[in-house]
Asks: 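Take this structure first; my questions come after.
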Amino acid sequence: MNTLSSPTLYENAILVINCGSSSVKFSLIHPKTGQTILSGLAECLLANDAVIKIKFDNEQYNQALDAPFDHQSALNVLVKYLHQFNLVTSISAVGHRVVHGGEKYSEPTLITEEVESAIESLAKLAPLHNPANLIGIKACQKAFAHLKQVAIFDTAFHQSMPEKAFIYGLPYDLYKQHGVRRYGFHGTSHYFVAKQAAELLNKPLTECNLISAHLGNGCSITVIKNGRSVDTSLGMTPVEGLMMGTRSGDVDAGIIFHLVEQLGYCVNDVVRLLNKKSGLLGVSQLSNDCRTLEEAMLSGNKQAELALTIFCYRIAKYIASFSASLTELDGLIFTGGIGENSSWVREKVIEQLSLLNFNVSDEKNQKARFGKSGNIAADNARNCWVIATNEEWVIAEQTNNLLESSLQNNQQKNIKA
Ligand code: ADP
């Protein structure tokens with residue numbers, strides 16, 4: 001096993017943890033440069049084929065996990081490897097991706113007992129995600145008791161939305177008493193690519209007006225006015241908006257009554273149908289994976305073609321409707337696994353947006369794939385960038401910024417005292 005000859009190279013790195021219900025993604029990142037020192041994934045947790053895969057120094061290490069095959073087992077193995085690679089002393093803090101911060105959290109937040117209780121009570125809005133995030137937080141507190149832990153909320157970037165964008169056409173009491181409103185997700189990704197676009201435009205983010213399309217297994221569009229999110233397609237839960245890998249996106253709410261009253265569905269059946277059996281998978285009856293569907297379409301599978309056609313039409317419709325939030329538009333951003341790689345999807349979306357002066361250069365579109373970013377707009381057309389997202393870097397950077405500013409505040413207090 002490798003050990004690092006010069007561990008000081010990696011001082012002040014942030015350990016980024018993203019705990020899902022059956023997986024933990026992690027990376028050790030330098031917050032200023034974005035350099036990834038170590039990265040990996042533990043998957044199939046809570047099943048006896050649970051495994052952890054770690055990449056470090058151009059080597060890949062895979063190890064089966066021991067019982068109880070849970071998040072703590074995965075983090076224990078990660079800690080063992082961090083020791084073996086001489087990296088533990090390089091870690092200055094742990095940054096956690098937390099899916100739901102409700103209305104309470106719009107900023108990176110130092111995790112205290114009170115914050116943990118809030119994340120727990122917000123689990124009613126994100127029952128699949130927040131409990132898993134808490135498991136990760138508790139496991140890291142055990143493993144790295146000496147380190148500060150920071151929560152970066154996926155909803156935070158969208159807390160700048162105005163009421164007209166986040167209130168549903170439902171009785172207002174549901175919002176006031178029960179928090180029923182649009183929260184939006186993928187905030188960290190939309191923020192990162194918007195910041196990158198601002199750099200490409202060579203102006204401050206606060207002067208940028210953008211529409212960002214995050215297209216992965218989950219998909220969302222966000223409209224950014226003067227650097228702040230003013231509307232987004234995901235809602236109170238991650239089912240609303242675009243059609244996704246297995247999620248339906250927008251449907252007529254009346255369909256749910258029809259499923260229950262006429263077709264005998266129970267609530268759990270409806271939840272499973274809308275979250276796991278719909279979207280690209282449901283329409284194609286083949287796969288939720290865009291690559292598989294593109295290949296099938298090219299070999300004549302009509303159902304795959306229909307699924308992809310609806311997918312692209314919905315994206316174009318959202319982009320066009322979100323232009324109503326802006327008086328100026330600097331450009332459109334594609335990101336996420338599909339946005340960064342599928343030149344077919346990008347072309348289909350853009351060709352439906354010629355009224356907004358979008359037009360794609362075929363050559364540039366084909367080149368911007370597999371990690372290559374760039375502006376794929378044809379000459380004289382509106383900017384349209386492919387930008388690889390990097391949520392881990394944002395988490396590392398914001399965690400580090402919070403610690404630096406609290407350190408500065410403490411120093412100032414000490415000087416005054
Ligand atoms: P997640 O939301 O789980 O992070 P990703 O952002 O990794 O997902 O995106 C996964 C999606 O990206 C899948 O539908 C996958 O098929 C698609 N994708 C990845 N590479 C390509 C490619 N070369 N062409 C088309 N789609 C791709």
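Both ligands and their constituent atoms are indexed starting at 1 by order of listing.
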Asks: Between Glu199 and Lys195, is the closest basic N to carboxylate O distance under 4.0 Å?
Replies: no
Asks: Can we say Arg97 and Glu392 salt-bridge, meaning some charged N sits less than 4.0 Å from an Asp/Glu carboxylate O?
Replies: no
Asks: Using a 4.0 Å cut-off to any heavy atom of Asn341, which atoms of ligand 1 qualify?
Replies: 19 (C), 20 (N), 21 (C), 22 (C), 23 (N), 24 (N)
Asks: Determine whether a donor-acceptor pair (N or O, by modelled atom type, separation under 3.5 Å) exists between the side chain of Arg182 and the backbone of Phe166.
Replies: no
Asks: Heavy-atom contacts with Glu294 under 4.0 Å: which atoms of ligand 1 show up? List them by number with element.
Replies: 25 (C)
Asks: Distance to 0.1 Å, residue and atom name: give those for the protein heavy atom nearest to atom 3 (O) of ligand 1.
Replies: Asn217 ND2, 2.9 Å
Asks: So, are Lys203 and Asp330 salt-bridged, with charged N and O less than 4.0 Å apart?
Replies: yes
Asks: Looking at ligand 1, does Gly245 have a heavy atom less than 4.0 Å from it?
Replies: no
Asks: Can you check whether Gly216 has an N/O within less than 3.5 Å of an N/O in ligand 1?
Replies: no
Asks: Out of Thr222, Ile333, Leu326, which residue meets the side-chain contact (heavy atoms from CB on, under 4.5 Å) rule with Ile211?
Replies: Leu326
Asks: If you have a sec, work out which protein heavy atom is nearest atom 11 (C) of ligand 1 and how many Å separate them, to one decimal?
Replies: Ile338 CG1, 3.7 Å
Asks: Among protein heavy atoms, which lies nearest atom 4 (O) of ligand 1, and at what distance?
Replies: Lys25 NZ, 4.6 Å
Asks: Using 4.0 Å as the upper bound for N to carboxylate O, is an ion pair formed by Glu116 and Lys138?
Replies: yes
Asks: Under 4.0 Å between a side-chain nitrogen and a carboxylate oxygen: does that hold for Glu351 and Arg346?
Replies: no
Asks: Any sub-3.5 Å donor-acceptor pair from Asp269's side-chain atoms to Cys266's backbone N or O?
Replies: yes
Asks: Please report which non-hydrogen protein atom sits nearest to atom 18 (N) of ligand 1, along with the residue it belongs to and the distance in Å to one decimal place.
Replies: Gly337 O, 3.6 Å
Asks: Answer yes or no: is there a donor N or O on one side and an acceptor on the other, between the side chain of His186 and the main chain of Leu234, under 3.5 Å?
Replies: no
Asks: Identify the protein heavy atom lying closest to atom 14 (O) of ligand 1, giving its residue, its atom name and the separation to 0.1 Å.
Replies: Cys290 N, 3.1 Å
Asks: Name the closest protein heavy atom to atom 16 (O) of ligand 1, giving the residue it belongs to and the distance to 0.1 Å.
Replies: Asp289 OD1, 2.5 Å
Asks: At a 4.0 Å threshold, what atoms of ligand 1 neighbour a non-hydrogen atom of Phe370?
Replies: 23 (N)
Asks: Show which atoms of ligand 1 fall inside a sub-4.0 Å distance from at least one heavy-atom site of Ser342.
Replies: 25 (C)
Asks: Any atoms of ligand 1 less than 4.0 Å from a non-hydrogen atom of Gly218? List them with their elements.
Replies: 2 (O)
Asks: As a test of the contact definition, would atom 1 (P) of ligand 1 count as having a protein heavy-atom neighbour under 4.0 Å?
Replies: yes
Asks: Considering only NZ, NE, NH1 and NH2 on the basic side and carboxylate oxygens on the acidic side, decide whether Arg291 and Glu294 come within less than 4.0 Å.
Replies: no
Asks: Judged on heavy-atom distance to atom 15 (C) of ligand 1, which of Glu295, Arg291, Glu391, Arg369 sits nearest?
Replies: Arg291
